[in-house]
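Note: hydrogens, waters and symmetry copies are ignored here, and every other heavy atom, side chains too, is used. In what follows, every chain begins at residue 1, and chains take the letters A, B, ... in the order their sequences are listed.
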Amino acid sequence: MSLADAFADGPAFVPYLVAGDPDYESSLEYVEALERGGADVIELGLPFSEPIAEGPTIQNAIVRALEGGMTPERYFEFVEDLDVSIPVVCMTYYNLIYRYGDAEGPRPFVEKAADVGIEGFVVPDLPAEEADPLREACDEFGLDLVFIVAPTTRGDRLDRIMRQVSGYVYVQARLGTTGAKSDVSDQTGSSLDRLSDYDVPKAVGFGISSGEHAERIVRGGADGIIVGSALVDIVAQGYENDESAKTTAERLETLAHELKSGAIDGVSQRPPHSERT
Amino acid sequence: MSVDGKFGDYGGQYVPEALMPAIEELEDAYERYVLNNEDGFMDEFRTRLRDFGGRPTPLQRADRLSERYDREVYLKREDLVHGGAHKLNNALGQVLLAKYMGKDRIIAETGAGQHGTATAMACAHLDMPCEVYMGERDINRQRPNVFRMKLNGSEVNPVTVGRGTLKEAISETMRDWATNVEDTHYVIGSVVGPHPFPSMVRDFQSVISEEARTQAREKMGRLPDAVLACAGGGSNTMGAFAEFVEDDETELYAVEAGGSTLDVDEEAGVAPNSASLTTGSEGVLHGARTRLLQDHDGQIMESHSISSGLDYAGVGPELAHLVDTGRVTAVNVDDDHALTAFHRLSQMEGIIPALESAHAFGYLEEHSEELGEFVVVNLSGRGDKDLESAIEETYERDIDIAPNMDEFTGGL
Ligand SMILES: Cc1ncc(COP(=O)(O)O)c(C=O)c1O
């Protein structure tokens with residue numbers, strides 16, 4: 001299934017987890033639990049040692065995954081071992097993509113990703129200005145390249161990004177780093193307004209942690225919600241409390257259900273189209 | 001020199017989208033105020049560097065070293081800049097620029113604490129609030145500098161992730177910037193990071209070579225055969241080299257920290273050195289493509305040096321490019337030789353150098369014969385901040401020129 005298809009019927013729920021957090025086997029179960037909970041796409045983090053866009057929750061998950069032995073090679077095996085039918089988007093930092101394989105540049109990584117069935121990429125430290133080599137490799141192998149649009153992205157920059165984006169656009173709900181928050185930022189609404197003329201699915205992320213948030217974001221016009229830290233928190237708690245992987249997986253599935261239901265409820269509450277614009 | 005932020009294949013702007021508008025704004029400010037002296041920015045900068053910073057610094061003949069090595073050895077005395085290191089040249093420039101840009105909050109990272117103290121001083125001087133991120137391990141290694149920052153009214157935020165050194169502090173400062181980008185300027189401490197930082201920091205630091213070049217002509221009637229500078233991120237290095245780059249008769253040596261060994265433990269992800277020019281490979285870190293200490297997969301390795309200011313897994317992109325093109329020679333000096341050079345300069349010239357700067361003197365000791373008749377060493381900072389570490393490190397070694405250490409078993 002392509003990314004576009006995943007957004008085709010109803011709001012998409014896009015969870016994020018770090019592959020291999022806290023270990024390979026449990027992590028496989030966790031991703032599978034998210035699909036059962038209603039995930040439409042999975043953003044699967046390949047851990048990098050210097051995650052500059054990440055808040056403490058995901059930084060710690062990255063440390064756990066790296067200590068558990070996750071590497072780019074293992075990550076590709078992980079994707080092959082995953083028993084899910086939803087599309088997988090690889091989220092990682094550019095150096096790992098750039099360094100992979102023998103040849104210069106991002107092509108070997110993209111080729112391998114295509115080979116194991118990855119559908120696209122999100123690369124938080126790769127702005128549109130530096131993205132040509134990765135964009136070309138993605139085009140060659142038929143993968144999508146998702147870009148992040150920040151609350152600070154306006155005018156010409158927005159156009160430049162939206163010309164390059166494919167799959168969906170990642171609307172960053174607030175300034176800062178990733179991390180679950182107890183409220184939804186009001187920066188989201190104005191970001192969605194700026195994007196309303198562009199015909200690409202808009203998935204909102206950064207800070208969403210409950211079904212109620214999901215509902216409000218979708219009611220505000222988002223085509224999907226991206227949730228990372230709130231889910232990673234469950235993995236962290238399970239790890240710290242020595243929970244069985246099965247229990248943690250169940251808790252992930254429950255929160256996934258809540259988020260997905262919230263997103264669906266949000267659609268039915270949308271004001272009539274004319275009022276929104 | 002680059003205007004598009006690329007130095008060969010190096011450089012660029014690899015940062016989160018949220019920061020790009022701020023970086024574009026900074027590029028614009030750099031071009032207007034720094035390159036074109038709009039509103040007299042550079043005039044004010046130079047005046048403040050003189051009156052507050054104590055510039056120009058002398059180019060001093062080192063009499064006993066000259067005798068020892070049988071050639072003319074001159075010291076560019078950046079240790080005499082206010083604050084005790086070259087770092088103020090950059091910090092003052094950037095904090096002033098932030099003021100011209102209408103920003104009202106400053107953040108910075110620091111390793112040795114020298115850039116943090118320089119930024120704290122500049123912020124107090126220019127009345128700007130300042131927060132400095134510093135790795136927990138460095139906070140413990142550099143306590144006097146932590147206190148100096150606080151005395152100047154800055155907050156010091158400990159960074160506990162990873163090994164708690166400069167690399168983690170930079171990552172954490174970038175996170176703060178991404179959160180508060182609209183009113184905050186990030187004063188980066190070396191010629192690293194996304195464009196325009198590497199060019200801008202070089203321009204603020206190039207006052208070192210501008211002065212040294214004129215002073216060399218005055219004192220020796222000619223340009224030096226060699227200029228030596230230690231290289232962490234490479235700001236004192238680029239500052240000492242910039243005006244000599246076109247002078248083919250002057251050889252330029254970037255002296256990196258060889259740490260305990262140049263061998264790398266891939267398994268543990270540790271490079272027990274900070275020699276990214278000598279042993280690193282190309283990659284992307286902290287906003288730029290450059291040479292890095294990284295493992296086979298591209299994970300950044302933990303670096304090591306006896307001097308926290310050199311303890312970094314990357315290096316400035318322009319310096320990496322100048323090494324690739326052969327204009328700059330990258331060499332390295334290990335912990336032991338740097339510490340020995342620290343003691344030697346203290347005894348022979350009455351100058352206690354920063355452990356960072358001591359690396360350049362370590363190279364002079366080993367290779368003076370290859371350096372020509374007239375050598376300039378950039379003495380990037382003074383060693384007062386390093387006294388605690390010098391005691392500890394001297395204890396662990398058998399350095400025959402070190403003073404008797406018996407009184408200092410308990411530290412200072
Ligand atoms: C005295 C001194 N020299 C050199 C350095 C290394 O930095 P750079 O390579 O940017 O000059 C530092 C860094 O803290 C320093 O304090």
Toward chain B, the part of A:P51 with a non-hydrogen atom under 4.5 Å
both
For the residue pair A:Y75 and A:F109, is the inter-centroid distance of their aromatic rings smaller than 6.0 Å?
no
Side chain to side chain donor-acceptor pair (under 3.5 Å), paired with B:Q13, selected from B:K6, B:E27, B:H195
B:E27
B:T160 side chain to B:E136 side chain, donor-acceptor N/O pair below 3.5 angstrom
no
Please look at A:E104 and chain B and tell me whether the side chain, the backbone, both or neither of the residue comes under 4.5 angstrom of a heavy atom of that chain.
side chain
Give the C-alpha distance, both sets of side-chain angles, the deciding distance and a yes or no for ring-ring contact (aromatic ring centres under 6.0 Å, His included) between A:F121 and A:F147.
CA-CA 9 Å; A:F121 296 103; A:F147 281 92; over 10 Å; no
Among B:E282, B:H296, B:E168, B:H286, residue most engaged with chain A (heavy-atom pairs, under 4.5 Å)
B:E282
Flag side-chain contact, heavy atom, 4.5 Å: A:I161 against A:V149
yes
Would you mind checking which part of A:L66 comes under 4.5 Å of any heavy atom in chain B, side chain (CB onward), backbone (N, CA, C, O), both or neither?
side chain
How are the rings of A:Y94 and B:Y14 set to each other: parallel, tilted or perpendicular (split at 30° and 60°)?
parallel
Most heavy-atom pairs under 4.5 angstrom with chain B, which of A:A150, A:G101, A:P127?
A:P127
Turns out that what part of B:L292 lies under 4.5 Å from chain A's heavy atoms comes down to side chain
At a heavy-atom separation under 4.5 Å, does A:Y98 approach chain B through its side chain, its backbone, both, or neither?
side chain
Compute both the distance and the angle, then confirm whether B:R291 meets the cation-pi test with B:Y10: under 6.0 Å from the six-membered ring centre, within 45 degrees of the axis.
no
Pick from A:L175, A:N95, A:L96, A:V63 with the largest number of heavy-atom pairs that fall under 4.5 Å of chain B
A:N95
Give the member of B:E182, B:R289, B:M301 that has the highest number of heavy-atom pairs under 4.5 Å with chain A.
B:R289
